[in-house]
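To keep things clear, I will list the structure first and then write my remarks on it.
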Number of protein chains: 2
Amino acid sequence: MHSFTEENYLKAIYHLSDANNTVVSTNSIAEVTNTKAASVTDMLKKLADKKLINYIKYQGVTLSNTGIQAAVNIVRKHRLWEVFLVEKLGFKWDEVHDIAEELEHINSASLIDRLDDFLGNPAADPHGDPIPDRTGTFVHKKLVKVSDLKEGQTGTISGVNEHSSLFLKHLEKLGLTLGTKITISDIIEFDGSIMLIADKTKERTISREVAKNILVIL
Amino acid sequence: MHSFTEENYLKAIYHLSDANNTVVSTNSIAEVTNTKAASVTDMLKKLADKKLINYIKYQGVTLSNTGIQAAVNIVRKHRLWEVFLVEKLGFKWDEVHDIAEELEHINSASLIDRLDDFLGNPAADPHGDPIPDRTGTFVHKKLVKVSDLKEGQTGTISGVNEHSSLFLKHLEKLGLTLGTKITISDIIEFDGSIMLIADKTKERTISREVAKNILVIL
DNA sequence: TTAAAAATTTAGATTAATCTAAATTTTTAA
DNA sequence: TTAAAAATTTAGATTAATCTAAATTTTTAA
Ligand SMILES: [Mn+2]
Ligand SMILES: [Mn+2]
Ligand SMILES: [Mn+2]
Ligand SMILES: [Mn+2]
């Protein structure tokens, strides 16, 4: 199996890449793993030796098929544990990320499959992110950033692009949680702030930065 | 906090020591941690620097008060996770040890306290071992090895000294699980094998080796 | 009481993961 | 088209955990 550290790199590359498995740069990996570029280069050589990534010196990396499989499995574990923490243990959605960051490395297929069943095979985690099934397949709902909506458009909040406690608590305070229906009432020209109506009654104003990190289904 | 490896050493020393916190030898630690004596010596120096153990060169070690606290906390986590695996996820008692060996290192006090509540604050794990509460206190029931019983004595199976799947499956097959009431009917002089009656009806013969690893309350 | 055996520690190496500083390659922009 | 800037890799070190072989200390048993 792969080490803790290797798994974190695989997951980082997976998240930095997109559905098209685009090339990821050394520096971007260093940033999300909180390491230096030189350390990343060493690890990339190792992951390439293990055939988990396609790596050409100075040209960046993509995950190999094996690498994608491994990464998706870690994501599956991360998200199932998050559901467990919120649904069964009563944690808030802004409290679970760091704990899941550790739990995702527990190594037992039967554990995670049983957990999946125990939770009722949930389709999404507490942040709205889809959970891959045991074969690694999952549907990605078509989500749009609130910052990309036009005046008058309506959508249902179904995901977030930012998982920090600070951001999630802010949403909570505004009442902009998953499932909330919103309508854009105004886009402020001065700084791009967005005014919206939540659940038909609550008027809210959010900065462009916040709007970029809220995802809706139209 | 302490590393994975440090935690495993602390737990090893704790289990090798007894309620009186007797001195533990380098070689015995090497045996249970699957390392060599030289590696243990290195680690003992490190744990002594951290004030987790009392270590005198060539004289063995005991846990310090801080060390005991840390060890008991790991044991608490190990046992609570075992209960979770058996009670909530439907694992058998012989399948949970290795997974709990990983889960015990997850680092979050609120996680483990919530898990404790979720499980209904169980007093014992699936092998009958007592679970320390969040302050680290726990009652050790007075248990006796079946191999120490005399002919005619009666007891209730309440624990095991051996956690391997091989042994636990054997007990399961014989119907000698936790809560079973047994009476010693004969002790074979030739090899010390023990014949007993389980639940008043089932006649069973077990080797002395097996008998040493089954614990009863009188 | 003391020599041999057993237990333990030390010396010197190795592997994984990381770092800083220097070298190299690629990209950018005049 | 090419020099400067940015990105990346290499070189050389460090820390944690481990090992084998040799040295030292303690224990055992004549
Ligand atoms: Mn992680
Ligand atoms: Mn999530
Ligand atoms: Mn462990
Ligand atoms: Mn147990």
Side-chain angles (χ1 to χ4, degrees), chain A residues 1-17 22-63 66-67 70-71 74 101-102 104-107, chain B residues 1-17 22-63 66-67 70-71 74 101-102 104-107:
Chain A
M1 258 305 100
H2 316 121
S3 73
F4 236 75
T5 314
E6 287 169 338
E7 290 193 342
N8 282 335
Y9 274 91
L10 287 173
K11 201 177 58 146
I13 297 168
Y14 178 81
H15 284 312
L16 286 167
S17 201
T22 49
V23 171
V24 171
S25 73
T26 300
N27 270 343
S28 64
I29 298 170
E31 194 179 341
V32 302
T33 55
N34 278 305
T35 55
K36 297 301 157 84
S39 311
V40 173
T41 300
D42 283 344
M43 181 55 82
L44 293 182
K45 286 180 196 160
K46 198 171 156 196
L47 295 174
D49 283 348
K50 289 192 166 195
K51 315 270 188 208
L52 292 164
I53 60 172
N54 310 114
Y55 172 51
I56 306 168
K57 242 191 195 185
Y58 290 103
Q59 306 292 301
V61 284
T62 59
L63 290 172
T66 332
I74 302 162
E101 204 59 42
E102 292 188 46
E104 70 189 0
H105 303 289
I106 302 291
N107 203 339
Chain B
M1 259 303 101
H2 315 122
S3 74
F4 238 73
T5 314
E6 288 169 337
E7 290 194 342
N8 282 336
Y9 275 90
L10 287 173
K11 199 176 59 147
I13 298 168
Y14 178 81
H15 284 311
L16 286 167
S17 202
T22 50
V23 172
V24 171
S25 74
T26 299
N27 270 342
S28 64
I29 298 170
E31 195 178 340
V32 303
T33 55
N34 279 306
T35 56
K36 298 301 156 86
S39 311
V40 173
T41 300
D42 284 345
M43 182 55 83
L44 293 183
K45 287 180 196 161
K46 199 171 155 194
L47 294 175
D49 282 349
K50 289 192 164 195
K51 313 269 189 210
L52 292 164
I53 59 172
N54 309 114
Y55 172 50
I56 305 169
K57 244 191 193 186
Y58 290 104
Q59 307 290 304
V61 284
T62 58
L63 291 172
T66 332
I74 302 161
E101 204 59 40
E102 292 189 46
E104 70 190 1
H105 302 289
I106 302 292
N107 203 339

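Here the P atom of nucleotide D:dA16 and the CD atom of B:Glu7 are 16 Å apart, to the nearest Å. Protein atom CD1 of B:Ile56 is 20 Å distant from nucleotide atom P of C:dA7, rounded to whole Å. One can place NE2 of B:His2 at 14 Å from P of D:dA16, the figure rounded to the nearest angstrom. Atom C1' of nucleotide C:dT15 and atom NZ of A:Lys50 are separated by 13 Å, given to the nearest angstrom. Rounded to whole Å, the distance from CD1 on B:Ile29 to C1' on D:dT18 is 16 Å. Taking atom CE of B:Met43 as the reference point, atom C1' of D:dT15 lies 12 Å away to the nearest angstrom. Put simply, CZ on A:Phe4 is 18 Å from P on D:dA16, counting in whole angstrom units. Taking atom CG of A:Leu44 as the reference point, atom P of D:dA7 lies 16 Å away to the nearest angstrom.
Both key distances under 3.5 Å define a Watson-Crick or G-U pair, and stretches of 3 or more such consecutive pairs in DNA chain D run C:1-30 with D:1-30.
Between D:dT8 and A:Asn27, a contact under 4.0 Å exists linking OP1 or OP2 to a side-chain N or O. OP1 and OP2 of D:dT9 both lie 4.0 Å or more from every side-chain N or O belonging to A:Lys45. Between A:Thr26 and D:dT9 there is a side-chain N or O to OP1 or OP2 distance below 4.0 Å.
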Check: Can you give one letter per nucleotide of nucleotides 20-25 of chain C, 5' to 3': B if a protein heavy atom sits under 4.0 Å from the base, S if only from the sugar-phosphate, - if neither?
Finding: B---BS
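From B:Leu44, atom CG reaches atom CG of B:Leu52 across 11.5 Å, with rounding to the nearest 0.5 Å. The distance from atom CD1 of B:Ile53 to atom OH of B:Tyr9, rounded to the nearest 0.5 Å, is 11.0 Å.
Using a 4.0 Å heavy-atom cutoff across all strands shown, B:Thr35 reaches sugar-phosphate atoms only and no base atom. Using a 4.0 Å heavy-atom cutoff across all strands shown, B:Tyr55 reaches sugar-phosphate atoms only and no base atom. Base engagement by B:Thr41 is indicated by at least one non-hydrogen atom pair under 4.0 Å involving a base atom.
Contacts of B:Ser25 classified as side chain to side chain donor-acceptor pair (under 3.5 Å), with partners at least two apart in sequence or in another chain: B:Ser28. The side chain to side chain donor-acceptor pair (under 3.5 Å) check on A:Thr41 picks up nothing, with sequence neighbours excluded. Partners of B:Glu6 according to the side chain to side chain donor-acceptor pair (under 3.5 Å) rule, which considers only residues two or more places apart in sequence or in another chain, are B:Lys46, B:Lys50. Scored by the side-chain contact (heavy atoms from CB on, under 4.5 Å) test, A:Ala38 finds no partners at all (sequence neighbours excluded). Listed by chain and number, the residues in a salt bridge (Lys or Arg N to Asp or Glu O under 4.0 Å) with B:Glu104 are B:Lys11 (sequence neighbours excluded).
Pairs of residues two or more places apart, or lying in two chains, never qualify as salt bridge (charged side-chain N to carboxylate O under 4.0 Å, His left out) while including a residue from residues 22-44 of chain A.
You'll find the side chain of B:Thr33 stays beyond 4.5 Å of the side chain of B:Met43, heavy atoms only.
Among the nucleotides C:dT8, D:dA7, D:dT18, the one closest to any side-chain atom of B:Asp42 is D:dT18.
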Side chains of residues 54-62 of chain A: which donor-acceptor pairs under 3.5 Å do they make with residues two or more places apart or in other chains?
{"unit_1": "A:Asn54", "atom_1": "OD1", "unit_2": "A:Thr62", "atom_2": "OG1", "d": "3.1"}

